[in-house]
K.L.:
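Sharing a structure below in C-alpha cells format, with a few things to ask.
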Amino acid sequence: MTVCLLDYEEGEKRIMDYNKLAELLFPNITESIADLEKRFTKRDLPEGAEVTRFAPSPTGYMHIGGLYASLISSRLAKQTGGVFYLRIEDTDKKREVDNGFEKIIKSLEKFDIRFDEGPFDDDRNNPVYAPYRQSERKDIYQTCVKELVRKGYAYPCFCAEEELEAIKQKQEEKKENIGYYGAYAQCRNLTLEEIAEKIQNKEEYVIRLKSAGDPENKLVFYDLVRGDIEMPENFQDVILLKRDGIPTYHFAHAVDDHFMRTTKVVRGDEWLSSWPTHRELFQVCGFEAPEYIHIAPISKMEGASKRKLSKRKDPEAAVDYYSEKGIPVDAVAEYLMTIANSNYEEWRIANPDAANTEFVMSLNKMSNSGALFDMVKLNDIAKEVISKKSIDQCYAEIEAWSAEYNPEFHEVVVADSEKFKQTIDLWKFTNGKVRKDVGMWSELYGMFEYLYKVGWEAETSEELLTKYGAENFKLVLQTYEQEYTVAADRDQWFSDVKVIAEKVGYTGDRKAYKANPENYKGLVSDFCAIIRIAMTGKENSPDLYSIFSILGGNEVKRRLRGYIR
Ligand code: GLU
C-alpha cells in the first residue's frame with residue numbers, strides 16, 4: 001500500500017511522501033501493525049477473564065505502593081481466571097541496578113505474588129507474548145512508529161535543547177501553553193530532503209506524535225474506581241521514540257498493553273494526567289484502549305498534612321523493610337487487603353480462618369483517596385496472624401528469617417529445634433489460651449533473650465529492688481536456691497514454691513492475708529514475682545513453670561545465685 005499525503009503549509013504546496021519518510025527512518029523494519037496483530041493473537045480466555053500486569057522498572061527497589069498495586073492486579077486476574085503477567089520496563093538504563101529484576105521478583109515471591117507469565121526461564125515465558133522486557137521489544141515499537149510515520153501521524157524532530165528552550169521562552173512571553181505543538185512544532189515542516197540531509201549529517205533526532213488535539217476540547221475519562229473525570233484533550237507532540245530509538249513510557253504503554261492484551265491497567269495515579277496522551281496514542285495506532293484503575297499513593301501524616309510515603313524519607317516505604325523486621329508476609333498482605341477493599345475486615349470477621357485469596361476483590365469497594373499507612377494497625381494484624389500460626393509454622397518462619405537477618409539468633413534457633421519450639425509455645429499460650437504478644441520475628445530475640453541464652457545476666461532496676469526490698473530479695477532467692485529441686489511436674493513445682501514461700505513469711509492463703517496483711521510479707525504470687533525477676537529480669541513474663549522447664553535446673557540455680565552474690 002502506498003500512502004501519499006499532501007501537506008499544505010503557509011500557502012505553499014509541499015508534497016511529502018510519508019512512505020519514503022518511513023523508509024528513510026526505519027529501513028530495516030519490514031513488518032506492519034497488521035502483522036503484529038496476527039503475531040500477538042488475542043488471548044483465548046473465558047468471558048470476563050482479566051489480563052493484568054505489574055510493570056516495574058528494574059531499580060531493585062520495591063515500594064510498598066508497587067506491592068499494593070500488584071496485589072490488586074494479581075487478584076483481579078486470578079479471581080476471574082485471567083492472566084497476571086510481569087513486564088520489565090527497562091527503557092531507562094540510568095535507573096537500572098545490577099540484579100534489579102531478581103530483587104523485585106524475590107520481594108514479590110515472598111509475598112506470594114506469582115506471575116502467570118513473564119521473562120522467566122521456564123514455561124511462564126509464553127512465546128506468543130514474549131519478550132517481556134521492553135529493552136527486547138525495540139522492533140515492535142519501531143514497527144508501530146514506522147506505520148504512524150507512514151500515515152502522517154508521527155515525524156522526526158531534530159530540535160536541540162536550546163531550540164526547545166527558545167520555544168518555551170517565546171510561549172512564556174506570550175502567555176501561551178508551554179510545549180512542542182502546533183505552529184511551534186517547527187520540525188513538522190521539514191521537507192523529506194531536509195530530513196534526509198540531517199540524517200546524512202548524523203544529526204540526532206526523536207520521533208514525535210503529530211497531535212491532532214486541541215486543549216479547548218474536553219474529554220471525559222472513566223476510571224473504574226474514580227468514575228468520570230474531565231480532562232483537556234492532548235495537544236502536545238509528545239515524544240514516541242527517544243534519540244536511542246527506545247520508546248517513552250507513554251508509547252511503550254500503548255504498544256505493550258495492546259499487544260500483550262492487557263484488559264485492566266492498575267497503576268499509580270501519577271499517570272492519571274497522562275491519560276489524554278495515552279488515549280490519542282491508542283487512537284492513532286488503531287488500538288482499543290484497556291480499562292484503567294488509578295490508585296492513590298499510600299500516605300502518612302507529617303504534622304497536620306498528609307504526604308506520600310517516600311523512598312527517600314520513610315524506611316517503611318520499602319517492601320524489604322517488612323522482611324527485615326520479620327513481619328510475616330501474610331500479615332502485610334492481610335493489611336494491604338484491608339486498605340484495598342472497605343468490606344475486607346467484615347469478611348475477615350465472618351471468615352476468620354479462610355485464606356485471604358478466597359476474598360473476592362471488588363472495584364466498587366476500593367478507596368479512591370490515598371490510604372494512610374497505619375503501623376499500629378499492621379502490628380495488631382501481625383499479632384493476630386502470628387497467633388493463628390502453628391508452632392511448626394512459626395519455627396519455620398523464624399528459622400528462615402533469622403538465617404537471613406540475624407545469624408546470632410539463628411544459631412540459637414537451630415541449636416536445639418525442639419527446645420526452641422518450647423520457647424514458641426511459651427509466648428504463644430498461657431494456660432492453653434492463645435496470646436497475641438509477638439508481631440514481628442525481629443523483636444523475639446530482645447523480648448526473650450533470657451530464654452535463649454545460657455549464662456544470661458539480668459539487670460534488675462533499682463525500682464524493682466526497692467519495690468520488693470533489696471534485703472528481702474536476697475533472702476527469698478537465697479532460701480529458694482537452697483531448697484529448690486527440679487520438680488516432676490507443674491503441681492509438684494508449685495506446691496514446693498508454696499512451702500518455701502511460707503518459710504520466708506509469704507502465704508498462699510488469700511483470706512488470711514486479707515484479714516491480717518501485716519502478718520505476712522505478701523502472697524505466694526509476690527514471692528514468685530521475685531523469682532521471676534531473677535529468671536527474666538522482668539516482673540511480668542509468660543508462665544514461670546514453663547520458663548523453668550526450658551532453662552533447666554542448673555541454669556535456674558545459676559540465675560538464683562547470680563542475684564545472691
Ligand atoms: N513502569 C511504570 C512505573 O513504574 C509502570 C506504570 C504502569 O503500571 O503503567 O511507574
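Residues: numbered from 1 along the sequence shown.
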K.L.:
Given 3.5 Å as the limit, does a donor-acceptor pair link the side chain of S387 with the main chain of R435, or not?
P.N.:
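Such a contact is absent between S387 side chain and R435 backbone.
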K.L.:
Do M62 and D320 come within less than 4.5 Å of each other through their side chains, counting heavy atoms only?
P.N.:
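M62 does not reach D320 side chain to side chain.
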K.L.:
On the ring face of F359, is R75 found with NZ or CZ under 6.0 Å from the centre and within 45° of the axis?
P.N.:
no
K.L.:
Within a strict 4.5 Å, meaning less than it, do heavy atoms of the I113 and F54 side chains meet?
P.N.:
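A side-chain contact under 4.5 Å is absent here.
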K.L.:
Check F259, Y292, Y141, W275 against H253 for a ring pair (Phe, Tyr, Trp, His ring centres under 6.0 Å) and give me the one that passes.
P.N.:
Y292
K.L.:
Any chance CD of E109 has more than 12 other-residue heavy atoms, nucleotides or ligands included, within less than 6.0 Å?
P.N.:
yes
K.L.:
Between the side chains of R114 and D112, is the shortest nitrogen-to-carboxylate-oxygen separation below 4.0 Å, so that they form an ion pair?
P.N.:
yes
K.L.:
Should the pair H258 and F287 be assigned to parallel (<30°), tilted (30 to 60°) or perpendicular (>60°) ring geometry?
P.N.:
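H258 and F287: parallel rings.
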K.L.:
Does any non-hydrogen side-chain atom of E408 lie less than 4.5 Å from one of Y445?
P.N.:
yes
K.L.:
Under a plain distance cut-off of 3.5 Å, with no hydrogens placed, do Y321 and D314 share a side-chain donor-acceptor pair?
P.N.:
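There is no such pair (donor and acceptor under 3.5 Å, judged by atom type) between the side chains of D314 and Y321.
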K.L.:
Once the angle between the rings of F235 and Y181 is folded into 0 to 90°, is it parallel (under 30°), tilted (30 to 60°) or perpendicular (over 60°)?
P.N.:
perpendicular
K.L.:
Does one side chain, of Y344 or E334, offer a donor that lies under 3.5 Å from an acceptor on the other?
P.N.:
yes
K.L.:
Please round to the nearest 0.5 Å and tell me the distance separating atom CD of Q134 and atom CG of D90.
P.N.:
6.5 Å
K.L.:
Decide whether a cation-pi geometry holds between K146 and F26; the criteria are a distance under 6.0 Å from NZ or CZ to the six-membered ring centre and an angle within 45° of the ring axis.
P.N.:
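No, cation not above the ring by the 6.0 Å, 45° rule.
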K.L.:
In terms of ring plane angle, is the pair H278 and Y249 parallel, tilted or perpendicular, where the classes change at 30° and 60°?
P.N.:
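Ring orientation of H278 relative to Y249: perpendicular.
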K.L.:
Search all heavy atoms of I72 against all heavy atoms of I295 and return the closest pair with its distance.
P.N.:
CD1-CG2, 4.2 Å
K.L.:
Grab the two heavy atoms, one from Q236 and one from S211, that are nearest each other, plus how far apart they are.
P.N.:
O-CB, 3.4 Å
K.L.:
Cationic tip of R279 within the cone over F221's six-membered ring, i.e. under 6.0 Å and within 45° of the normal?
P.N.:
no
K.L.:
With a 6.0 Å cut-off (strictly less than), is the heavy-atom count around NZ of K308, excluding the residue itself, greater than 12?
P.N.:
no
K.L.:
Is it the case that K311 places NZ or CZ above or below the six-membered ring of Y61, under 6.0 angstrom from the centre and within 45 degrees of the axis?
P.N.:
yes
K.L.:
Could you tell me which non-hydrogen atom of D437 sits nearest to which non-hydrogen atom of M447, and how far apart they are?
P.N.:
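So the minimum-distance heavy-atom pair works out to O-CE, 3.6 Å.
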